[in-house]
Amino acid sequence: MFFFQEGFTYRNFLLDVLTIFFFIVWFWLLITVASDLFRRHDISGWVKAIWVIGWIIFPFIFMLAYLIFQGRGMAERNMQQARQARDELRSAVGFSAADEIEKLGRLKQAGSISDAEFTRLRARLVQ
């Protein structure tokens with residue numbers, strides 16, 4: 001059966017949408033994994049080159065292998081990068097946990113927040 005000889009059908013439309021979806025997901029994974037690989041400082045340039053050559057020769061196998069073997073490390077590195085960006089933003093803006101705790105204390109004294117809310121928000125700031 002040749003799908004494209006039928007013209008514009010619902011089945012052809014669904015196949016096109018599914019193909020475009022997988023194409024977008026593939027490039028999203030490629031960019032995500034490549035950015036993680038090139039941001040790493042714990043592996044050498046030769047290992048990075050081997051991964052890239054593997055992606056060129058066997059793209060699906062090496063992409064899935066990297067996600068399987070380095071998935072947890074990718075998540076940890078992303079969390080670390082987000083934490084670092086948050087800390088840099090806080091230092092640029094002038095955020096201070098002590099100032100925020102003082103503001104929470106004033107809100108508690110004014111009766112705007114309860115004791116439970118105060119302890120919850122204070123614990124979140126201390127983290």
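Quick note: numbers below take in every heavy atom, side chains included, and nothing from hydrogens, waters or symmetry partners.
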Next item on the list: Give me the ring orientation class for Trp51 and Trp55: parallel if the planes are under 30° apart, tilted from 30 to 60°, perpendicular past 60°.
Entry: tilted

Check: How long is the span from the CE atom in Met74 to the CZ atom in Arg40, to the nearest 0.5 Å?
Finding: 9.5 Å

Item checked: Pairs involving residues 22-36, ordered by first then second residue, that meet side chain to side chain donor-acceptor pair (under 3.5 Å) (sequence neighbours left out) -> Ser35-Arg39, Asp36-Tyr66, Asp36-Arg77

Next item on the list: With Phe13 as reference, evaluate Val17, Thr9, Leu15, Asp16 under the side chain to side chain contact (heavy atoms under 4.5 Å, CB included) test and give the passing residue.
Entry: Val17

Notebook entry, point to check: If you round to the nearest 0.5 Å, how far is CZ of Arg122 from NZ of Lys108?
Noted result: 9.5 Å

Next item on the list: Kindly check if the number of other-residue, nucleotide or ligand heavy atoms within 6.0 Å of CZ (Phe38) is above 12?
Entry: yes

Note to self: Taking the side chain as everything from C-beta on, heavy atoms only, tell me whether Glu100 gets closer than 4.5 Å to Lys103.
What the structure shows: yes

Item checked: Sequence-distant partners of Tyr10, ring-ring contact (aromatic ring centres under 6.0 Å, His included), two or more places apart -> none

Next item on the list: Indicate if Phe27 and Ile61 have the same hydrophobic cluster label, given that clusters are the connected sets of ILVMFWY residues with side-chain heavy-atom separations under 4.5 angstrom.
Entry: yes

Checklist line | Partners passing side chain to side chain donor-acceptor pair (under 3.5 Å) against Lys48 (at least two apart in sequence or in another chain) | finding: none

Notebook entry, point to check: Residues in ring-ring contact (aromatic ring centres under 6.0 Å, His included) with Phe69, at least two apart?
Noted result: none

Checklist line | Joint hydrophobic cluster, Leu29 plus Ile57, side-chain heavy atoms closer than 4.5 Å | finding: yes

Next item on the list: Decide yes or no for Val52 and Leu37: does some side-chain heavy atom of the first lie under 4.5 Å from some side-chain heavy atom of the second?
Entry: yes

Notebook entry, point to check: Sequence neighbours excluded, which residues qualify as side-chain contact (heavy atoms from CB on, under 4.5 Å) partners of Ser112?
Noted result: Leu107, Ala110

Check: Who else is in Ile31's hydrophobic cluster (ILVMFWY, side-chain heavy atoms under 4.5 Å, direct or via others)?
Finding: none

Checklist line | Interatomic distance, Gln84 atom CD to Glu88 atom CD [nearest 0.5 angstrom] | finding: 5.0 Å

Notebook entry, point to check: Can you tell me how far CZ of Phe62 sits from CD1 of Ile50, rounded to the nearest 0.5 angstrom?
Noted result: 9.0 Å

Check: Got more than 12 heavy atoms from elsewhere within 6.0 Å of CZ, Arg124?
Finding: no

Notebook entry, point to check: OG1/Thr19 to CD1/Ile24 distance, rounded to the nearest 0.5 angstrom?
Noted result: 11.0 Å

Notebook entry, point to check: So, Gln70 side chain and Leu67 main chain: donor-acceptor pair closer than 3.5 Å or not?
Noted result: no

Notebook entry, point to check: Does Ile68 share a hydrophobic cluster with Met63, counting links as ILVMFWY side-chain heavy atoms below 4.5 Å and allowing steps through other members?
Noted result: no

Notebook entry, point to check: Under a 4.5 Å side-chain heavy-atom rule over Ile, Leu, Val, Met, Phe, Trp and Tyr, are Leu30 and Phe21 clustered together?
Noted result: yes

Next item on the list: May I ask whether Trp46 and Ile56 are part of the same hydrophobic cluster, defined by side-chain heavy atoms of I, L, V, M, F, W, Y residues being less than 4.5 angstrom apart, directly or through others?
Entry: no

